[in-house]
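Below is one structure, written out as structure tokens, with a few remarks after it.
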Amino acid sequence: MTVYVDDAVTLWRGRRWAHLMADTLDELHAFAARLGIPRHAFQNKTSGAHYDVTAELREHAIALGAQPISRHRDRMLVRAVIARARAQGRGEAP
């Protein structure tokens, strides 16, 4: 399994944000814990596929082994990761 983090290109409230993604929710939660993101931050997440992180945390995630991807260049990969996580969240086989 692999954890991905995309380009920090989204601007919101004057900060840059990226998306941390993984094939399974367990993997996403475990990696986020390594980044210091509390588990309660994931509550009420509807997609279950990704978590928004700041540009600074994106760099830390890469240092911890997340695979950097480009949302523009790797669009099909991003869609596949999100689809697998959503299917897992609905109880379907990933």
Side-chain angles (χ1 to χ4, degrees):
M1 301 285 181
T2 306
V3 175
Y4 306 92
V5 64
D6 70 1
D7 297 303
V9 295
T10 303
L11 287 174
W12 186 64
R13 292 189 180 180
R15 295 190 76 175
R16 296 177 70 205
W17 297 85
H19 300 290
L20 183 68
M21 296 166 282
D23 291 325
T24 68
L25 293 178
D26 289 341
E27 186 177 24
L28 180 64
H29 291 278
F31 194 87
R34 291 176 58 200
L35 280 176
I37 299 172
R39 188 170 179 84
H40 70 268
F42 288 93
Q43 293 176 356
N44 301 320
K45 189 74 176 154
T46 56
S47 75
H50 70 274
Y51 185 72
D52 294 335
V53 296
T54 62
E56 296 80 15
L57 275 181
R58 178 185 184 271
E59 298 306 316
H60 189 185
I62 292 169
L64 289 175
Q67 179 179 337
I69 58 174
S70 167
R71 229 186 230 257
H72 301 288
R73 184 183 68 240
D74 302 315
R75 186 169 288 143
M76 296 303 291
L77 173 65
V78 169
R79 287 181 183 155
V81 169
I82 291 173
R84 280 193 299 272
R86 283 183 175 156
Q88 188 234 1
R90 289 191 301 262
E92 300 170 10

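The structure displayed is predicted, hence computed values, not measured ones. Worth knowing before you read on, the calculation uses all heavy atoms, side chains too, and leaves out hydrogens, waters and symmetry mates.
- The shortest heavy-atom contact between Ala61 and Phe31 is O-CZ, 3.5 Å.
- Note that the CG atom of Leu57 and the CG atom of Leu20 stand 9.0 Å from one another [nearest 0.5 Å].
- Of all heavy-atom pairs between Val5 and Arg58, the closest is CG2-CG, 3.6 Å.
- Of all heavy-atom pairs between Ile62 and Pro68, the closest is CD1-CB, 3.8 Å.
- Summarising the geometry of Thr2 relative to Glu27, their closest heavy-atom pair is N-OE2, 3.3 Å, with the distance given to 0.1 Å.
- Residues satisfying the side chain to side chain donor-acceptor pair (under 3.5 Å) test with Glu56, not counting sequence neighbours, are Arg15, Thr54.
- Note that the CG atom of Asp6 and the CE atom of Met21 stand 4.5 Å from one another [nearest 0.5 Å].
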